[in-house]
There are 2 protein chains.
Amino acid sequence: MRSHEVTETAPRPTLEAVAARAGVSRATVSRVVNGGEGVREPLVERVRRAVEELGYVPNQAARSLVTRRHDAVAVVIAEPETRVFADPFFALQLRGISKELTAHDSQLVLLLTESRDDYARVGRYLAGGHVDGALVFSLHLDDPLPELIRGADVPTVFGGRPGWGEGARGTAPTPYVDSDNRGGARDAVRHLLGLGRSRIAHITGPLDQTSTVDRLDGYRDVMADADPRLVVEGDFTPAGGERAMRELLDRCPDLDAVFAANDLSASGALRALRTLGRRVPEDVALVGFDDMLPVAEQTDPPLTTVRQNTEEMGRLMASLLLRGLDRQGGGGAEEPGAGGAPSGVVLPTTLVRRASA
Amino acid sequence: MRSHEVTETAPRPTLEAVAARAGVSRATVSRVVNGGEGVREPLVERVRRAVEELGYVPNQAARSLVTRRHDAVAVVIAEPETRVFADPFFALQLRGISKELTAHDSQLVLLLTESRDDYARVGRYLAGGHVDGALVFSLHLDDPLPELIRGADVPTVFGGRPGWGEGARGTAPTPYVDSDNRGGARDAVRHLLGLGRSRIAHITGPLDQTSTVDRLDGYRDVMADADPRLVVEGDFTPAGGERAMRELLDRCPDLDAVFAANDLSASGALRALRTLGRRVPEDVALVGFDDMLPVAEQTDPPLTTVRQNTEEMGRLMASLLLRGLDRQGGGGAEEPGAGGAPSGVVLPTTLVRRASA
DNA sequence: TTGAAAGCGCTAACAG
DNA sequence: CTGTTAGCGCTTTCAA
């Protein structure tokens, strides 16, 4: 049906066309399209019909050029590791972000980085003013990305507590959304304690991430005087959890419980325990973190774990950013929650009991 | 440090500013910024310096307005199911897409749909001409999305073989990228045959997806005269795999091998087998599909499976789309691989042997 | 309440 | 090779 000329450019109708059709001026059409404030009803109606008939869709480029809004938000995921693929964590946050952005007619521009070589590109993009704001996931304590973004001077909300000192002099507070990692960890360990366990070990995540640090702190809050050999570093993967568990068992054969920093390492730990002949939960009780259903419900036994509302975190990040944008009309600070509002929003966690503890 | 006036808009330098600084015209600056063809070296140098000093970044909106290019591609993931989160499949494809787009200075706009209610929004967006093209994942046979996108008249490449009739009259061929699902399935089943197994069962994915159909066809290619009770529908999840495995064992207690349509269902099947006292691979040999490392390598025993190069699929999709865009200057057809080129690119799979078969 | 007119920042003919 | 000149499609004063 379609012709095959190279120049076959479907000529999208412009405001002009709609105006002509409706017999009004461009300005009037523009008003109607943008909410119809201050236009008399019959005209509104006529314009609406013309828009409908012509299948008019505003040209976002032209609009941005004058409004300096883009109705787009960048989501930066700076995770060189394979973690992004090993668990559905980011996917769920993305889902939440997407929902919120969609509800506000904003677009999601995804920026994935392979390595730090990509950071310059991301910085340039953000500084280029192509988006109204940024949602940034950068989990590592020494990551230069946050600083770079600060320089780009674009409103930003971080996913997870950023690693640098909160109160650096002269700098604006950095808004972020996080789970109550510390509190959740405390709940987990207390639960184990309540089960009558006393030799409670902890498999951490990578120690250069704030979530790991916070969960470890929670563990220590409750187990202040625990044997330091009961803490082993993992890496949030099943393989790491398995390795850590073996080391733990090696060091402290008498341990009777384990709190793993996430479900994936818990699943690895579970495997090590089974291989080495320990029954769960009879011999060793096990608690995870995340409540990633495909993992936590599928292990044998299913995992008792600390649930964080991952999707809600994403939604909240977007919501905070958008709110800030509305407030200051897209102006240039990474400070959506301005005006002395708390800079970090911490979502509660809940302990989900299954069979492993 | 920063003042707090609402109007604090960092005034980005314009072409004009750079031109003034370099003592040339806007046109010259534009030329340099876009590659510097046909500008004498000393001028190029001066302009470059001015750009550098001012920290000039082109205003994409202004550029798009005239070029009608956006240097952005939409990625549409239409998966209402939770599958997106249950396995890293999309994440890996996204990674591949992102790499390729990045290499071509193109942006990735992510469009996630919750339900079919969102389709209209996606259609509007695509039809709105906000992006140069679209990469679409729509796995279900009866999905109205492809038709909708066809209507939007934007260059598109599909991920996975689309479900509708390839040769519908008068319609352009639909470019897509897929794995050789059928061939991979054949390899899997032949491998099982080679192991001396004869009662080989198949756990399918959801039957409304082309990948499921193709893998089933591959199974049947080799097992033409197999007992029909040896085929049970699964849903690509561990739970589904477990359920299917139980049913299979119930129907055909004498089966000695299983080909599961993906690793996740294989892991579920594995669990059922263990629970019911069958040894893998001694009693029942098991082969999966995907080679999702976090799954295939972590099961006990690790899975023999059919590897598909997921990331490469993503990269190829983007590459195809971009190539098509270059060719026809962004014109309006879903036909990047135009000119009689094959409309579907099918990537080979490879059997990866581990312990389960 | 509506319309006319002036750009937003950039590219692309067209001259010189 | 470089500069001048028109717009791209839209929003937004400013007048009417």
Side-chain angles (χ1 to χ4, degrees), chain A residues 7 9-48 50-51 54-72 105 127-130 132 329-330, chain B residues 7 9-48 50-51 54-72 105 127-130 132 329-330:
Chain A
T7 36
T9 308
R12 303 184 190 291
T14 69
L15 253 202
E16 185 80 55
V18 178
R21 174 132 193 163
V24 299
S25 73
R26 271 157 36 204
T28 297
V29 178
S30 176
R31 290 182 187 112
V32 172
V33 169
N34 294 294
E37 294 298 296
V39 179
R40 243 187 279 270
E41 192 48 43
L43 272 202
V44 172
E45 195 45 47
R46 261 198 309 169
V47 171
R48 288 250 163 79
V51 165
L54 264 34
Y56 169 75
V57 182
N59 179 322
Q60 181 65 38
R63 176 181 280 174
S64 292
L65 190 54
V66 32
T67 61
R68 278 127 190 297
R69 289 239 359 173
H70 304 271
D71 294 316
D105 283 313
H130 304 303
D132 301 323
Chain B
T7 37
T9 307
R12 303 185 190 288
T14 69
L15 253 203
E16 186 80 53
V18 178
R21 175 130 193 164
V24 299
S25 73
R26 270 156 39 204
T28 297
V29 178
S30 176
R31 289 182 187 112
V32 172
V33 168
N34 294 294
E37 294 298 296
V39 179
R40 242 188 281 271
E41 192 48 45
L43 272 201
V44 172
E45 195 44 47
R46 262 201 304 175
V47 171
R48 288 251 163 78
V51 165
L54 264 36
Y56 169 76
V57 183
N59 180 321
Q60 181 66 39
R63 179 181 277 173
S64 292
L65 190 53
V66 34
T67 62
R68 280 129 190 297
R69 289 240 357 175
H70 304 270
D71 293 316
D105 283 312
H130 303 303
D132 301 323

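In this text, all values refer to a predicted model and were calculated from it rather than measured experimentally. First the proteins, then the strands, lettered A, B, ... as listed; each starts at 1.
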Just the rounded figure in Å: distance from P of dC8(D) to CG of L65(A). 13 Å
Separation of atom CZ in R68(B) from atom P in dG7(D), rounded to whole Å: 14 Å
Roughly what angle, to 10°, lies between the helix axis at the start of the helix from dT1(C)-dA16(D) to dG16(C)-dC1(D) and the one at its end, five pairs per end? 30°
Please list, for nucleotides 4-6 of chain D, all pairs of protein and nucleotide N/O atoms separated by less than 3.5 Å.
residue	atom	partner	partner atom	Å
dA6(D)	N6	R26(B)	NH2	3.0

Using a cut-off of strictly less than 4.0 Å, decide whether S30(A) has a side-chain nitrogen or oxygen near OP1 or OP2 of dT11(D). yes
Pick the closest DNA chain C nucleotide for A62(A) and for V24(A) by heavy atoms, then say which residue is nearer the 5' end. V24(A)
If the condition is ring-ring contact (aromatic ring centres under 6.0 Å, His included), which residues does H70(A) pass it with, not counting sequence neighbours? none
On DNA chain C, which is the earliest and which the latest nucleotide, 5' to 3', with an atom closer than 4.0 Å to a heavy atom of chain B?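 Both ends considered, the range comes out as dG9(C) to dA13(C).
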Please, which pairs that meet salt bridge (Lys or Arg N to Asp or Glu O under 4.0 Å) have at least one residue in residues 17-46 of chain A, sequence neighbours excluded? E16(A)-R26(A), R21(A)-E53(A)
Starting the side chain at C-beta, find the nucleotide from dG3(D), dT11(D), dG9(D) nearest to L15(A).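 In terms of side-chain proximity for L15(A), the closest of dG3(D), dT11(D), dG9(D) is dT11(D).
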State, to 0.1 Å, how close V29(B) and L15(B) come at their nearest heavy-atom pair, and which atoms those are.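 The answer is CG1-CD2, 3.0 Å.
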Stretch residues 36-44 of chain A: residues that reach within less than 4.0 Å of DNA chain C through a heavy atom: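 Nucleic-acid contacts, sorted: G38(A), V39(A), R40(A), L43(A).
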